[in-house]
Amino acid sequence: MIASARGKQDIVIPVTFRADGTAIATDDSGGRDEVFEVSLPDLKLGKKLYGTDSYDVDGVVENATGDDIDGITVTDRFGHIVWLNPKLKEIQDAVDKAVGERRARIVSWDRTRSKFLVQVGSPSQAGALYFYDPANGSMQRYSWQNSDLKARTLSPMSTIRYKARDGVEIEALLTLPRGHSPKNLPLIVLPHGGPFARDSEDWDWWTQYLAETGYAVVQPNYRGSSGYGTSFAKLGEGQWGLKMQDDLDDAIVDLAKKGIVDPKRVCMAGASYGGYAAMRAAQRNGTGDAAPYRCAISYAGVSDLQSMQRYDRKFLSGKTRGDWLKKQAPDYRSVSPRFGAQTFSIPILMLHGKEDKRVPVKQSRMMAAALKDAGKPFEYIEQPLGDHHFTRAEDRLDFLKAMGAFLTKYNPV
């Protein structure tokens, strides 16, 4: 997705009104989103209910009657709920004990909060959805998340950190192909969309496909990503295609120094903003021994930021998003890959769904036309029923097949 970063809040906005006449709100005045009690009607912050030193909170879980909260949603290494309700904490602890090394998240419940649906899995296992009744201690599988994979365990994922060239610490996810020695592996750099979003240790079909075919996969949470506080988000302002791009390239340097990857066998792939980053990598990184990438893969990427801003103006949030986008890339043309087609130095595969309403298919069509005029190597595929989010399994499968063939040609395992 392409989404805007929220800066420091100017006012406190309650998310839950309590029965005792107070409220609960998230506030980032301390530099990260934290949960506080709030007095009414003056909206003054009171007791801090929860916060972390390294990550923003995601939100709150209201109680059954909607007049208080039972828990707080947090993503640190992975997404989970910190339960304030003692009964629900006890239930979570029991479920955690039952699933062992796998991770369990309560995703739904009945009105009395006595019966639950629990998602159980791991970054390397698609897992299943279970029905849990604490009254009799039974936990019955309701459905597999993936009926083909079922309980199969695939490639391991871990959280790593490295320093960008200007000293900024970047957190990233590293998935290593099972059955392979973690030395001199071919690498896929896989930046997330947003860019105000982030990756965490969760099951990801795209990452696992690449790892299962023999690639190491790194997913950097580059500057401007969400979840790390207001200062880290602000570091991304004005840095589309610039320092945000450096953060991606610097992951290669770190992994190569550790001997994990072969720096001469690297491609970048991504969707939405990640697709833009892949286009930009193909455009700006040059040729020769110093070039970090052998190929690039873009799904639903943005090639022309000015055109994207005009498209956004058609919607109610257009002016707001346009103002935000201008802060992220003050000079649209210089960081729009469409206008640098002559400098593309590596082959690129582009796919786009014709039904994409978030990033219009025109963005990839314009890029393909510019590359054709420039005589640069590219492949372009349109999915007639495809949307922005890979909603259809058929589109996901077609994408993986096309990507696999492209990688075999330009960056084989």
Side-chain angles (χ1 to χ4, degrees), residues 3-16 22-39 43-62 68-86 88-89 92-93 96 101 103-106 122-123 157-174 191-192 194-202 218-237 239 243-244 247-248 250-251 254:
S4 61
R6 174 188 49 73
K8 187 177 184 296
Q9 291 178 194
D10 295 323
I11 61 172
V12 175
I13 302 175
V15 294
T16 301
T22 63
I24 292 174
T26 59
D27 182 78
D28 63 358
S29 56
R32 301 188 192 284
D33 282 345
E34 299 172 307
V35 180
F36 292 86
E37 292 181 341
V38 177
S39 60
L43 297 177
K44 288 185 177 179
L45 296 181
K47 176 184 176 183
K48 186 198 314 188
L49 298 178
Y50 189 82
T52 79
D53 293 334
S54 302
Y55 303 96
D56 295 319
V57 301
D58 297 329
V60 301
V61 179
E62 286 192 331
D68 207 334
I69 63 171
D70 275 340
I72 296 163
T73 55
V74 181
T75 303
D76 36 46
R77 283 177 36 241
F78 55 92
H80 56 101
I81 300 174
V82 176
W83 293 109
L84 305 180
N85 182 310
L88 294 174
K89 184 180 184 305
Q92 180 73 60
D93 290 344
D96 287 342
E101 294 184 356
R103 295 169 185 165
R105 181 162 183 167
I106 299 171
S122 75
M157 174 187 286
S158 62
T159 298
I160 64 169
R161 291 175 179 82
Y162 62 91
K163 291 289 184 68
R165 64 193 68 181
D166 62 356
V168 172
E169 185 174 83
I170 305 297
E171 188 174 83
L173 286 307
L174 176 64
H192 61 73
F196 193 62
R198 62 175 287 215
D199 285 319
S200 58
E201 291 182 18
D202 294 299
V218 66
Q219 298 169 266
N221 286 321
Y222 46 83
R223 70 192 69 199
S225 298
S226 64
Y228 299 100
T230 54
S231 295
F232 191 79
K234 192 174 179 62
L235 287 176
E237 289 188 2
Q239 297 303 323
K243 288 185 179 180
M244 289 165 71
D247 293 345
L248 304 177
D250 292 344
D254 179 76

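Hydrogens, waters and symmetry mates are skipped; everything else that's a heavy atom, side chains included, is used.
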Problem set entry | Non-hydrogen side-chain atoms of Q219 and P191 separated by less than 4.5 Å | no
Problem set entry | Validation row: L173, V218 side chains within 4.5 angstrom (heavy atoms) | no
For this session: Mind checking side-chain contact (heavy atoms from CB on, under 4.5 Å) for A25 and listing every partner two or more places apart, or none if nothing turns up?
Result: V12, V38
Exercise. With a 4.5 Å heavy-atom cut-off, do R198 and T75 have their side chains touching?
Worked result: yes
Exercise. Is it the case that R103 places NZ or CZ above or below the six-membered ring of F78, under 6.0 angstrom from the centre and within 45 degrees of the axis?
Worked result: yes
Problem set entry | With sequence neighbours excluded, residues passing salt bridge (charged side-chain N to carboxylate O under 4.0 Å, His left out) with E37 | R18
Exercise. Hey, are the side chains of D33 and D27 touching, using non-hydrogen atoms and a 4.5 Å cut-off?
Worked result: no
Exercise. Distance from S39 atom OG to L45 atom CG, nearest 0.5 Å?
Worked result: 8.5 Å
Exercise. Do you know the tightest heavy-atom contact between A172 and Y162?
Worked result: CB-CE2, 3.9 Å
Exercise. With side chains defined as the heavy atoms from C-beta onward, is the minimum distance between W83 and I72 less than 4.5 Å?
Worked result: no
Problem set entry | Student check: side-chain heavy atoms of V35 and I24 closer than 4.5 Å | yes
For this session: Report the distance from atom CD1 of I106 to atom NE2 of H80, rounding to the nearest 0.5 Å.
Result: 13.5 Å
Exercise. Distance-only, no hydrogens or angles: does the N85 side chain make a donor-acceptor pair with backbone N or O of L88 under 3.5 Å?
Worked result: yes
For this session: Give the minimum heavy-atom separation between V57 and T26, together with the two atoms involved.
Result: CG2-CG2, 4.2 Å
For this session: List in chain and number order the residues that pass salt bridge (charged side-chain N to carboxylate O under 4.0 Å, His left out) with K89, two or more places apart in sequence or in another chain; answer none if no residue qualifies.
Result: D93
Problem set entry | Smallest separation among heavy atoms of S225 and F232, with atom names | O-CD2, 3.8 Å
Exercise. Any Lys/Arg nitrogen of K163 or E169 sitting under 4.0 Å from an Asp/Glu carboxylate oxygen of the other?
Worked result: no
For this session: Tell me, please, which residues at least two apart from S231 pass side-chain contact (heavy atoms from CB on, under 4.5 Å).
Result: none
Exercise. Would you call D68 and E62 a side-chain contact if the rule is heavy atoms closer than 4.5 Å?
Worked result: no
Exercise. Among K243, Q239, H192, whose side-chain hydrogen bond (donor to acceptor under 3.5 Å, both in side chains) with Y222 holds?
Worked result: H192
For this session: Not counting sequence neighbours, which residues clear salt bridge (charged side-chain N to carboxylate O under 4.0 Å, His left out) with D247? List them please.
Result: R223
For this session: Take D56 and D28, measure what side-chain contact (heavy atoms from CB on, under 4.5 Å) needs, and give me the verdict at the end.
Result: CA-CA 8 Å; D56 295 319; D28 63 358; 5.8 Å; no
Exercise. OG1/T159 to CG/L174 distance, rounded to the nearest 0.5 angstrom?
Worked result: 9.5 Å
Problem set entry | For A197 against G194, the heavy-atom pair lying closest together | CB-CA, 4.3 Å
For this session: Sequence neighbours left out, what passes salt bridge (charged side-chain N to carboxylate O under 4.0 Å, His left out) with R77? Give chain and number order.
Result: E201
For this session: Indicate whether the side chain of Y228 and that of E171 have a donor and an acceptor atom separated by less than 3.5 Å.
Result: yes
Exercise. Short question: side chain of N221, backbone of D199 - any donor-acceptor pair under 3.5 Å?
Worked result: yes
Exercise. Is R32 close enough and on-axis enough to Y55, meaning under 6.0 Å and within 45°, for cation-pi?
Worked result: no
Exercise. Would a 4.5 Å heavy-atom cut-off, applied to side chains only, mark V168 and L235 as touching?
Worked result: yes
Exercise. Taking 4.0 angstrom as the limit, do D250 and R165 come out as a salt bridge?
Worked result: yes
